Amino acid sequence: GYPRLDVVPGSVAVPGAANVQHARKLKLIRHIAKLDAEVVVVDCGAGIHYNVLDFYTAADARVLVATSQLVSLQNAYGFLKASTYRLLRQRVSDPERAAILERATDGSETETIRQLLARIAAESPVLADELRAVLATSRVSLIGNQLSDLRELNAVHALSRMIADFLTIDVPVIGGLLRSSRIHEAVTRRKPFVSELSSDAESRVLMKLAESYLTLNVAQLRAERQSSAAPTPEPSAAEASTSTEAREGAEALPAPLGRYERAHERYEVNCPITLDVDGASQPAQVRDISRGGVRIALTQPLAAGTKVRTRLVFGQTTPSTVLGARIVHLAGLSAGCRFDPEPAAAVIDALLAELRTARTQPVPTEAVPMTPTHARTQGS
């Protein structure tokens, strides 16, 4: 009933429909890529068996949905870790390189991708660099679902930061949906709730999500992925002998989630800055700011502990502000910085006031609307 929208439903009444053989799975993935559509959304089922992982890793861009409950966050982390390892194994399909990868991993819940890549680099620096490139093109976003209030989005943001630490991939949180009886009723009626009332908060979140993906340069993403792509390997004998149930168990989070929650209200922004590092300047982008620090998207790699001076420009009404900061966390070109020295409260108050004013003004096409989130942690 909606123009330019088609649905291909899965079959839940045919035994084995979700457990297709390897060759049929590859054929299905190839045919999905050839569909006459601008955007194809594949809704993957739960669990981390290989069919789900391979459909997920075959996508140009991915969305991971989680509630704020610990079990859901554990499942989200376990799924993303499994898909990341699967992605790396797909890249090293030849036996010699696959053996290097298998020797390097210890299979523990607390193993980080950074540790894995360091062990691989000791044996094959070229392979380690190739795998880092694969991870750099792995576009994944997080969205919080069925939240009691937006403060529960803290846990999803904390999961995002934990993923950056342990899996070495940048997984931004792109929104949160509140628990809503209207959404529940719309599902029961089999009618999209956005079509009935497109001006409420939940509809706006979905519209923002849709717009962010419709403006992606999919051709560029696909070219980057294909330059580091390899055939999807069949499960090894050891993998095939592992039961689906065993592979679907929720993995314990590798660290207390509270370590990754924030101490201050955070404002998501997308504004240009100039970084001054030892007298040399480079452009960058501020992704979020709080009273304690900023998260910056770098254009050139820097080392943790580097002291930088940031020239922040948030609007036309306030002169640029120069602040000192120290990089305390790195995930690729995403740097978490703590203000050093800590600026006067009046300076931060003026910046945040400018941000609040900017929220009522038109947002530039390339900018992401600011969404304040609340959290408690030792971090900034």
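What's counted below: heavy atoms across the whole structure, side chains too, no hydrogens, waters or symmetry copies. What you see is a predicted model; the values in this text were computed from it and never measured.
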Between CD1 of Ile113 and NZ of Lys81, what distance do you get to the nearest 0.5 Å?
7.5 Å
Closer than 3.5 angstrom, by distance alone: can the side chain of Glu152 be matched with the main-chain N or O of Ser148 as a donor-acceptor pair?
yes
Test item: Ser281 side-chain N/O and Asp276 main-chain N/O as donor-acceptor pair under 3.5 Å:
no
Exercise: identify the closest heavy-atom pair between Ile29 and Ala58
CG2-CB, 3.8 Å
In sequence, state the C-alpha distance, the side-chain angles, and the governing distance for Arg161 and Asp165, and then conclude on side-chain contact (heavy atoms from CB on, under 4.5 Å).
CA-CA 6 Å; Arg161 291 185 283 276; Asp165 259 2; over 6 Å; no
Please check: side-chain N/O of Ser124 versus main-chain N/O of Ala121, any donor-acceptor pairing under 3.5 Å?
no
Going by an N to O cut-off under 4.0 Å, is there a salt bridge joining Asp340 and Lys307?
yes
Are there over 12 heavy-atom neighbours, none belonging to Arg24, within less than 6.0 Å of that residue's CZ?
no
Is any side-chain heavy atom of Met207 closer than 4.5 Å to a side-chain heavy atom of Val194?
yes
Between Leu206 and Leu177, is any pair of side-chain heavy atoms under 4.5 Å apart?
yes
Find the distance between CG (Leu135) and CZ (Arg91) and round it off to the nearest 0.5 Å.
11.5 Å
So, the side chain of Arg62 versus the backbone of Tyr56: is there a donor-acceptor pair under 3.5 Å, distance only?
yes
Consider only side-chain heavy atoms of I, L, V, M, F, W and Y, link residues closer than 4.5 Å, and tell whether Val173 and Leu70 are in one cluster.
yes
Is there a side-chain contact between Ile174 and Leu142, using heavy atoms and a 4.5 Å cut-off?
no
Under a 4.0 Å N-O cut-off, is there an ion pair linking Arg291 with Glu342?
no
What heavy-atom pair brings Arg114 and Ala164 nearest, and what distance separates the two atoms?
NH2-O, 4.3 Å
Counting only heavy atoms from other residues, nucleotides and ligands, does the tally under 6.0 Å from CD of Gln21 exceed 12?
no
So, do Gln285 and Ile273 sit near enough that their side-chain heavy atoms are less than 4.5 Å apart?
no
Please report the C-alpha distance between Gln69 and Leu73 in whole Å, then the side-chain angles of each, then the deciding distance to 0.1 Å, and finally whether the side-chain contact (heavy atoms from CB on, under 4.5 Å) criterion is met.
CA-CA 6 Å; Gln69 289 186 315; Leu73 298 172; over 6 Å; no
Single-linkage hydrophobic cluster Leu28~Val39, side-chain heavy atoms < 4.5 angstrom
no
Would you please test Leu167 and Tyr77 for side-chain contact (heavy atoms from CB on, under 4.5 Å) and show each step?
CA-CA 9 Å; Leu167 303 183; Tyr77 174 81; 4.0 Å; yes
Could you check whether any side-chain N or O of Arg139 sits under 3.5 Å from a backbone N or O of Ala61, counting only pairs where one atom can act as donor and the other as acceptor?
no
Check whether Thr67 reaches the backbone of Gln146 with its side chain - one donor and one acceptor, N or O, closer than 3.5 Å.
no
Is Arg97 salt-bridged to Glu102, going by a charged N under 4.0 Å from an acidic O?
no
Does the distance from a Lys or Arg side-chain N to an Asp or Glu carboxylate O, for Arg4 and Glu38, drop under 4.0 Å?
yes
Contact check, side chains of Tyr85 and Glu111, non-hydrogen atoms, under 4.5 Å:
yes
What's the separation between atom CG in Asn145 and atom OG in Ser72, rounded to the nearest 0.5 Å?
8.5 Å
Are side-chain heavy atoms of Phe193 and Val187 found at a separation under 4.5 Å?
no
Give a yes or no on this: more than 12 heavy atoms of other residues, nucleotides or ligands lie within 6.0 Å of atom CD of Glu123.
yes
Between atom CE of Met162 and atom OG1 of Thr112, what is the distance when rounded to the nearest 0.5 Å?
12.5 Å
Start with the C-alpha distance between Val92 and Leu127, add both sets of side-chain angles, then the distance that settles side-chain contact (heavy atoms from CB on, under 4.5 Å), and finish with yes or no.
CA-CA 8 Å; Val92 291; Leu127 177 58; 3.2 Å; yes
Kindly say whether Leu80 contributes a backbone atom to a donor-acceptor pair with the side chain of Ser83 at under 3.5 angstrom?
yes
Student check: side-chain heavy atoms of Arg338 and Ser290 closer than 4.5 Å:
no
Search all heavy atoms of Ala76 against all heavy atoms of Leu159 and return the closest pair with its distance.
CB-CD2, 4.0 Å
Val41 and Leu5: same hydrophobic cluster, using ILVMFWY side-chain contacts below 4.5 Å?
no
What's the spacing between Arg119 CZ and Ile100 CD1 if we round to 0.5 Å?
14.0 Å
So if I apply the side-chain contact (heavy atoms from CB on, under 4.5 Å) rule between Thr105 and each of Leu116, Ile120, Leu88, which one comes out positive?
Leu116
If you take all heavy atoms of Ala335 and Leu298, which pair is closest and at what distance?
CB-CD1, 3.9 Å
Rounding to 0.5 Å, atoms CG (Leu275) and CD1 (Ile296) come to a distance of 5.0 Å
Where the side chain of Thr215 meets the backbone of Glu211, is there a donor-acceptor pair that is under 3.5 Å apart?
yes
Scanning both residues in full, the closest heavy-atom pair of Ala303 with Thr306 reads O-OG1, 2.6 Å
CG/Asn217: more than 12 non-hydrogen atoms of other groups inside 6.0 Å:
yes
Could you check Ser180 against Glu202 for side chain to side chain donor-acceptor pair (under 3.5 Å), going step by step and ending with a plain yes or no?
CA-CA 9 Å; Ser180 166; Glu202 280 62 54; 5.1 Å; no
What heavy-atom pair brings Ile327 and Cys337 nearest, and what distance separates the two atoms?
CG1-SG, 3.8 Å
Salt bridge present between Lys191 and Glu185 (N-O < 4.0 angstrom)
no
Give a yes or no on this: more than 12 heavy atoms of other residues, nucleotides or ligands lie within 6.0 Å of atom CG of Asp106.
yes
Does some side-chain heavy atom of Thr84 sit less than 4.5 Å from a side-chain heavy atom of Leu87?
no
